[in-house]
Amino acid sequence: MTKIKVSIHGHEKRSYPTSTSASDILKDIAPQLFNEAVAVKVNGELRDRETLLMEDAEVEAVTAASHDGHDVLLHSTSHLMAQACKQLFPKVKVTIGPTIENRFYYDFDVDEPFTDEDLVKIEDRMKEIASEGLSIHRQELSRNDAMALFKKVGESYKVEILEDLSDDDTISAYSQGDFTDLCRGPHVPSTDFIKHFKLLNSAGAYWRGDENNKMLQRIYGTAFATKKQLKQYLNLLEEAKKRDHRKLGKELELFMYNPLSAGSPFFLPKGTIIYNELVSYIQELYLKYGYEEVISPQVFDNELWRKSGHWEHFREYMYNFELGGRDFGLKPMNCPAHTLIYSSDLRSYRDLPIRIADFGRLHRYEKAGVLSGLTRVRSFSQDDAHIFCSPDQIGTEINHLLEMVDEVYDVFDFGDKEITLSTRPEKAMGDETLWNHAETILKDTLEGSVTDFNIEEGEGAFYGPKIDFNVKDALGRLHQLATIQLDFTLPDRFDLTYVDEDGKEKRPVMIHRAILGSLERFFGVYLEHCAGDFPLWLAPVQVAVLSVSEKTADYAEKVGMELKNAGIRNEVDIRADKIGAKIRKTELSKTNVMLIVGEKEAEAGTVSLRRRFLGDIGSIKLTDIIIEMKDEINKKRRLKKSQK
RNA sequence: GCCACCGUAGCUCAGCUGGUAGAGCAGCUGAUUUGUAAUCAGCAGGUCGGGGGUUCGAAACCCUCCGGUGGCUCCA
């Protein structure tokens, strides 16, 4: 019998007969890992634990604690759900059941949509099957055999999937008890590895995401290796619900909606203060980074949109109307307007780069079903700007932008960010040399100034490559905010030129960029990130002045007036309530600073300072606290988590 | 747009299988004059999302419209 040499990372090499399973080797070399391993990696490739080894190999135990292992567990849980579902509803047809971040789903073709009670039933059945400890087997088969197998059991979606595969593909099916599913795997060795899971919700989903296809019923669920992790994840979902910007927006009176303009938020006085602070912060940066802000029209003759290509590509999202025999469109983007500004004058290479910024209101007719809070709206504005530059200025501009993005995310306390460079797609337009030139510059610039970034080949826009920034919020969720997109087609469409050193007309490159992105969406994301606890510079009410009794009402008013004169937004509460009640009310409004004034303070000309998360701090001179607050506001300091 | 669920007072919600609406908070009025997360009492407040239908009778059942929520391929 041939022997193979196998090692488990961190352990010595040992010899085994060929066709020994990874499982047996694990058991032999590292029994403690054997118990935990949901799968193995053989020479770095993720495999079932029962994989038979045919040659020398390096084997790694994969536990559910690792990302890969968790993925295997999630995927196996989706199979378990499909099995339970088939048992309870024999008529359902299974389709696909992949894993997503911390969750899995499975789509079923079923006559009646699932009810909440159905989910409970399915979950209960899953628990039963799990505890049976059915072993999970992989079998590889030819495409024809697989087709025959799934045809026989009436799983037409699996047959459809098989039709798309080629004869050369390795085709595998996994079985557990009475359930067999077409699946690439790998899976956990048996159903009792699946202990801590929960079904979350169900929803309709089109087969292959195409609205022309049949509507399937999708069930989402999650699973973890330990009860504690599952609980943590469920807590995270709870926390997310608590700080949902729609809920906070209502509670803190920041914005509202009305059915008469669905998808278009009304910013209330408090929300408007925040919105305007965001805008003026960005305007400060425009001064620093050399941008020129403009205000451009809201409505254009559709001739503009035909020329820009929006009519062709974006028409279904545009608000259009006819007046006086002319067709008009409400602008969904600022870029065409900015090209008109650019071409309104003769431009020299000495003028470049020209950076035109615009907070113009944009309107896009989003489908009714996709509207959501501030994150998906029909009316919004962006911290939008277009940079017109020569091809050899691209690198400098990108560096400039990376610096700006860093500065902004630091102010808003977004620690981690993920950067993605998307390159030339197949249906790209524009000069290929220019594409290559630009991509090289983008790559080099990113490499020079950023520690880490992903490249997504072929994911760029048809008009140019782009860099996207995803930030992680306080709950670890990713949000795409900033984007930098090169555009090689719009300058062509509008025949934009500049006169170069050699006296010849050249084509500028256009860079679309936004840092906060949509202000509305950013507002929502940031509101959830800070859970409504705004730093002082953004807080709609920066100070609440509370009188202990009506005896000090006049003094409280005086304090409020002095704050106002110092430019500090404040509210004075002189109602005949007990101080405890006023404090409670103010705490619930998440107001950062409270100044409590009683007779002692009135006599001494001081205020008693109470800060959110810190509580009673004690008496302090009003002039001193004003200086401190002004400093905190000017420096845009934020309350650190550690201060809580 | 499509599927499911939801829409009751300003807010959060109760209202069982149909018998013509209720609580807490907020609001208003009065009393209390208060020292770091809720003082007491009284009053007022609702086309039960809109429209249509079934019924002796509809917040509840049916239809329809409006709005909201979760979703609608990071591949078997």
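Note that the structure is a prediction, hence the values are computed from the model and not measured. Throughout, a chain's letter reflects where its sequence line sits, starting with A, and its residues are numbered from 1. Any value given below was found using the heavy atoms of this structure, including those in side chains, with hydrogens, waters and symmetry copies removed.
Distance CD/A:Gln83 to CD1/A:Ile129: 4.0 Å, rounded to 0.5 Å. Distance CG/A:Asp473 to CG/A:Asp416: 11.0 Å, rounded to 0.5 Å.
Between the CG atom of A:Leu588 and the P atom of B:G24 there is a distance of 19 Å, given to the nearest Å. One atom, CG of A:Asp577, and another, C1' of B:A37, lie 13 Å apart when rounded to the nearest Å. A:Asp111 places its CG atom 15 Å from the C1' atom of B:A4, with the value rounded to the nearest Å. To the nearest angstrom, P of B:U33 lies 24 Å from OH of A:Tyr555. The CG atom of A:Asn201 sits 18 Å away from the P atom of B:C3 (whole-angstrom rounding). Taking atom CD1 of A:Ile617 as the reference point, atom P of B:U36 lies 16 Å away to the nearest angstrom.
Counting any heavy atom pair closer than 4.0 Å across all strands shown, A:Lys600 reaches a base atom. Among the atoms of the strands shown, base atoms are found under 4.0 Å from some heavy atom of A:Glu599. Counting non-hydrogen atoms under 4.0 angstrom, A:Ala205 reaches the backbone sugars and phosphates but no base. Counting non-hydrogen atoms under 4.0 angstrom, A:Thr170 reaches a base of the nucleic acid. Using a 4.0 Å heavy-atom cutoff across all strands shown, A:Gly373 reaches sugar-phosphate atoms only and no base atom. The residue A:Leu165 sits close to a base: some heavy atom pair falls under 4.0 Å. Counting any heavy atom pair closer than 4.0 Å across all strands shown, A:Leu182 reaches a base atom. Here A:Gly580 lies in heavy-atom contact (under 4.0 Å) with sugar-phosphate atoms only.
Position along RNA chain B of the nearest nucleotide to A:Arg575 versus A:Arg610 favours A:Arg575 as the more 5'-ward residue. Toward the 5′ end of RNA chain B lies the nearest nucleotide of A:Phe114, the other residue of the pair A:Phe114 and A:Met594 mapping further downstream.
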Between A:Phe267 and A:Phe523, does a ring-ring contact (aromatic ring centres under 6.0 Å, His included) hold up when you go through it step by step?
-> CA-CA 11 Å; A:Phe267 283 89; A:Phe523 195 118; 5.1 Å; yes

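Side-chain proximity of A:Glu601 to the nucleotides B:U33, B:G68, B:G35 is greatest for B:G35. In this structure, the nucleotide among B:U34, B:C72, B:U73 sitting nearest to the side chain of A:Ser549 is B:U34. Listed nucleotides B:U73, B:G71, B:U32 differ in distance to A:Met215; the shortest reach to its side chain belongs to B:G71. In the set B:A37, B:A76, B:U36, the nucleotide with an atom closest to the side chain of A:Ile596 is B:U36. Closest contact between the side chain of A:Lys367 and the listed nucleotides B:A37, B:G1, B:G35 involves B:G1.
Shown here, B:A37 forms no base pair; nothing in the strands shown gives a Watson-Crick or G-U wobble contact with both key distances under 3.5 Å. Nucleotide B:G19 forms a pair with B:C56, judged by Watson-Crick or G-U wobble geometry with both contacts under 3.5 Å. Of all nucleotides present, only B:C11 satisfies the Watson-Crick or G-U wobble test against B:G24, with each distance under 3.5 Å.
Classification of A:Asp577 and A:Arg575 as a salt-bridged pair holds, one side-chain N sitting under 4.0 Å from a carboxylate O. Taking the charged nitrogens against the carboxylate oxygens, A:Asp616 and A:Arg610 have no contact shorter than 4.0 Å, which rules out a salt bridge.
A sub-4.0 Å separation between OP1 or OP2 of B:C72 and a side-chain N or O of A:Tyr220 is present. The shortest distance between the side-chain N/O atoms of A:Arg246 and the OP1/OP2 oxygens of B:G70 is below 4.0 Å. Within the structure, a side-chain polar atom (N or O) of A:His75 is placed less than 4.0 Å from OP1 or OP2 of B:A76. Here A:Lys582 does not reach the OP1 or OP2 of B:A38: none of its side-chain N or O atoms lies under 4.0 Å away. For B:C3, the OP1/OP2 oxygens have no side-chain nitrogen or oxygen of A:Arg218 closer than 4.0 Å.
Not a single donor-acceptor pair, N or O on each side, falls under 3.5 Å between the base of B:G1 and the side chain of A:Glu366. A donor-acceptor contact under 3.5 Å is formed by the side chain of A:Tyr206 with the base of B:G1.
The heavy-atom pair separating A:Leu374 from A:Tyr257 by the smallest distance is N-OH, 3.4 Å.
Side-chain N/O atoms of A:Thr51 and A:Asp48 include no donor and acceptor closer than 3.5 Å.
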